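What follows is a single structure, written as structure tokens, with notes after it.
Heavy-atom basis, side chains included; hydrogens, waters and symmetry copies ignored. Here the structure is a predicted model, which means the values were calculated and not measured. Residue numbers run from 1 in the order of the sequence given.
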Amino acid sequence: MELKLYKKNSCPYCRRVMQAIADLDADIELHDIEESEEDLDWLLEHGGKGKQVPCLFIDGEPLYESDDIIEWLQANV
């Protein structure tokens with residue numbers, strides 16, 4: 001399963017998801033849209049909700065909303 005999280009450090013919801021990832025010791029590829037224009041462009045092209053983060057791509061399918069992401073991680077990682 002391929003997991004990619006698109007985030008930005010200034011986002012409190014992203015920090016909640018990052019804490020959940022740390023708590024679960026999950027191995028997830030991270031992409032910061034504030035630090036990488038390439039990551040921002042990819043999110044804009046594939047996400048469907050503009051610059052909204054956090055966005056977890058699960059095998060290429062986007063999942064938004066920090067609560068939904070955390071719930072999914074707890075059930076599947």
If you measure from [atom1] on [X] to [atom2] on [Y], what distance do you get to the nearest 0.5 Å?
| X | Y | atom1 | atom2 | value |
| --- | --- | --- | --- | --- |
| Arg16 | Ile69 | CZ | CD1 | 10.0 Å |
| Ile58 | Leu63 | CD1 | CG | 4.5 Å |
| Leu43 | Glu38 | CG | CD | 13.0 Å |
| Cys55 | His31 | SG | NE2 | 11.0 Å |
| Ile28 | Leu56 | CD1 | CG | 5.5 Å |
| Lys4 | Asp39 | NZ | CG | 9.0 Å |

Pairs satisfying salt bridge (charged side-chain N to carboxylate O under 4.0 Å, His left out), at least one member in residues 27-36, at least two apart = Lys7-Asp32
key: salt bridge (charged side-chain N to carboxylate O under 4.0 Å, His left out) partners of residues 42-60, not counting sequence neighbours, each pair once   = none
What pair of heavy atoms forms the shortest contact from [X] to [Y], and how long is it?
| X | Y | result |
| --- | --- | --- |
| Val17 | Pro54 | CG2-CG, 3.8 Å |
| Ala26 | Val77 | CB-CG1, 3.4 Å |
| Gln52 | Tyr64 | O-CE2, 3.2 Å |
| Trp72 | Met1 | CH2-SD, 3.3 Å |

ask   = Can you tell me if OH on Tyr13 sees more than 12 non-hydrogen neighbours from other groups inside 6.0 Å?
value = no
query = Do Asn9 and Met18 have side-chain heavy atoms sitting under 4.5 Å apart?
reply = no
ask   = If we only count heavy atoms from C-beta on, is the Asp23 to Gln74 side-chain gap below 4.5 Å?
value = no
request  = Quick one: sort the Tyr6 and Phe57 rings into parallel, tilted or perpendicular, breaks at 30° and 60°.
outcome  = perpendicular
